[in-house]
Amino acid sequence: MDRSLAKPNLFGLDRAALRALMESMGEPAYRGDQIHLWLYRRRVRAIAEMTDLTKGLRERLAASHDLRWPEVTERGHSRDGTVKYLFRLDDGATVESVYIPEERRRTICISTQAGCPLKCAFCLTGISGYKRNLKTWEILGQVATVMAEAPPEQKAWNVVVMGMGEPLLNYDNTVVALRVMMDPDGFAVAAKKLTLSTVGILPALEKLMKEPVRPNLAISLHAPTKELRRELMPIEERYDIHDVIEAAQRYPIPRGGAVTYEYVLLGGVNDRPAHARALARLLGGGKGKVNLIPLNPAPEIPFAPPTRAAVDEFCRILSEARVPVSVRRPRGQDILAACGQLHLKRGEVPVPAPAVP
Ligand code: SAH
């Protein structure tokens with residue numbers, strides 16, 4: 001479909017924008033709240049279905065606005081029940097989201113950028129390049145689509161902003177999307193069930209701390225020292241590991257929870273006992289827990305997964321040092337839906353990465 005002639009999308013506007021839109025159309029502002037409920041709580045797919053608006057208003061709205069979600073072009077089903085969604089956006093960019101059913105909960109992993117500019121050495125998203133920031137509706141549309149297609153169950157939803165891209169490099173659109181997700185009259189995801197993962201873009205992290213509603217925080221650490229982190233994550237040159245941890249320790253986690261430090265274990269590179277001890281020293285005394293992620297390999301990734309014994313030993317050392325630790329179970333590995341395996345599709349042309357603020 002030729003989207004160059006498309007009308008602006010109603011889906012993606014937050015409460016303030018919807019209220020302002022109603023006033024600009026000569027309606028009372030509270031109609032914006034009604035539309036918010038239809039868009040994000042009831043998640044109707046057509047303006048005509050918003051039955052508590054007058055027919056006249058629905059017609060005027062439909063004349064000026066579209067209501068649409070991003071288009072799903074592929075669904076990949078893993079043996080473990082994980083589903084990977086591929087969305088094709090208006091300009092041809094593609095992004096991926098993942099639905100992860102679990103015993104007691106279900107999780108949606110969403111993307112905030114098409115590709116990623118950070119180029120972490122072990123991550124397929126970074127290796128395949130960067131295209132652009134996602135719009136708010138493109139972020140929320142991933143959540144809406146996955147929720148709509150999931151089997152009806154009573155399990156609570158978790159949303160993790162851990163798909164493609166660095167959310168804090170797309171701050172404004174991501175924060176509006178987070179607000180709509182956490183709104184009780186929106187997607188109604190509890191703040192403690194929503195986690196944003198970042199490498200630690202410091203100015204944006206400081207801003208996030210001051211937002212009226214904030215999600216949980218996960219920090220991608222991946223190394224216990226500046227020297228090693230710099231080799232794995234170019235962003236270390238810009239934002240120092242110690243400054244990132246200092247900021248993360250001040251982050252007000254919902255309901256007194258603790259920040260999560262993500263640590264991808266790369267066989268022989270950062271998975272030795274000495275690394276575990278250094279990590280315990282680095283984090284010791286502070287709040288926070290470590291989530292170890294054994295590398296999800298791919299032919300393009302120049303690292304090997306850790307051995308089982310190395311993972312166990314790493315865990316043991318952290319536990320002994322009283323650093324809470326868990327190991328992430330890979331999900332959807334067989335369909336390249338696991339952490340770090342989402343990437344731009346063949347034939348998509350990456351653009352030069354923008355400057356990091
Ligand atoms: N840019 C943000 C959001 C993406 S989160 C961030 O880096 O935090 C994606 C998570 O998966 C990060 O913790 C990332 O480091 C991890 N990851 C990347 N590549 C991986 C791989 N090949 N195997 C396992 N985890 C990986």
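Scope of the values below: all heavy atoms of this structure, side chains included, with no hydrogens, waters or symmetry mates. In each ligand, atom 1 is the first atom listed, and ligand 1 is the first ligand listed.
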Checking contacts here: is it the side chain or the backbone of [X] that comes within 4.0 Å of ligand 1, counting heavy atoms only? Could be both or neither.
| X | value |
| --- | --- |
| Met164 | neither |
| Asn296 | both |
| Leu295 | both |
| Glu262 | side chain |

**Request:** For residues 228-239, pull every pair meeting salt bridge (charged side-chain N to carboxylate O under 4.0 Å, His left out), keeping only residues two or more places apart or in separate chains.
**Result:**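 As it turns out, the salt bridge (charged side-chain N to carboxylate O under 4.0 Å, His left out) pairs with a partner in residues 228-239, which skip direct neighbours, are Lys226-Glu236, Arg229-Glu236, Arg230-Glu237.
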**Prompt:** At the 4.0 Å heavy-atom cut-off, does Gly163 count as touching ligand 1?
**Reply:**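 A heavy atom of Gly163 does come that close to ligand 1.
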**Request:** Check whether any heavy atom of Gly165 sits under 4.0 Å from an atom of ligand 1.
**Result:**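 Yes, Gly165 has heavy atoms under 4.0 Å from ligand 1.
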Where is the nearest protein heavy atom to [atom]: which residue, which atom, and how far?
| atom | answer |
| --- | --- |
| atom 11 (O) of ligand 1 | Cys339 CB, 3.5 Å |
| atom 6 (C) of ligand 1 | Ser220 OG, 3.3 Å |
| atom 19 (N) of ligand 1 | Gly340 CA, 3.0 Å |

**Sub-4.5 Å side-chain heavy-atom contact between Tyr85 and Cys109** =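 Tyr85 vs Cys109: side chains apart.
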**Prompt:** So, Ser78 versus Asp334: side-chain donor-acceptor pair below 3.5 Å or not?
**Reply:**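 On atom types as modelled, these side chains qualify, holding a pair under 3.5 Å.
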**Asked** With a 3.5 Å cut-off and no angle check, do the side chains of Arg328 and Asn291 form a donor-acceptor pair?
**Response**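 The criterion, which ignores hydrogens and geometry beyond distance, is satisfied for Asn291 and Arg328.
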What is the minimum heavy-atom distance between [X] and [Y], and which atoms define it?
| X | Y | result |
| --- | --- | --- |
| Leu39 | Phe11 | O-CE1, 3.7 Å |
| Met209 | Arg214 | O-CD, 3.4 Å |
| Leu194 | Val161 | CD1-CG2, 4.5 Å |
| Met164 | Ser111 | N-OG, 2.9 Å |

[X] heavy atoms, cut-off 4.0 Å: which ligand 1 atoms fall inside?
| X | result |
| --- | --- |
| Ile301 | 22 (N) |
| Val199 | 7 (O), 8 (O) |
| Cys123 | 18 (C), 19 (N) |
| Val264 | 15 (O), 16 (C), 17 (N), 25 (N), 26 (C) |
| Ile293 | 24 (C), 25 (N) |

**Request:** Decide if the gap between the ring center of His275 and the ring center of Tyr263 is smaller than 6.0 angstrom.
**Result:**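 His275 vs Tyr263: aromatic centres not under 6.0 Å.
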**Asked** Is the closest N or O pair between Phe122 and ligand 1 shorter than 3.5 Å?
**Response**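 Yes: some nitrogen or oxygen of Phe122 is under 3.5 Å from one in ligand 1.
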**Request:** Report yes if some N/O of Arg328 lies less than 3.5 Å from some N/O of ligand 1; otherwise report no.
**Result:**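 The answer is no, given that Arg328 and ligand 1 share no N or O pair closer than 3.5 Å.
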**Item:** Pairwise distance CD(Glu102) to CG(Asn158) - rounded to 0.5 angstrom
**Value:**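 Interatomic distance, Glu102 CD to Asn158 CG, rounded to 0.5 Å: 7.0 Å.
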**Item:** Any residue meeting salt bridge (Lys or Arg N to Asp or Glu O under 4.0 Å) with Arg41, in chain and number order, not counting sequence neighbours
**Value:**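 Arg41: salt bridge (Lys or Arg N to Asp or Glu O under 4.0 Å) contacts with Asp185.
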**Request:** Just go through Ala298, Ala121, Ser197 and tell me whose heavy atom is the nearest to atom 2 (C) of ligand 1.
**Result:**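 The option holding the nearest heavy atom is Ser197.
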**Request:** Just go through Gln333, Met162, His222, Met233 and tell me whose heavy atom is the nearest to atom 14 (C) of ligand 1.
**Result:**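 The option holding the nearest heavy atom is His222.
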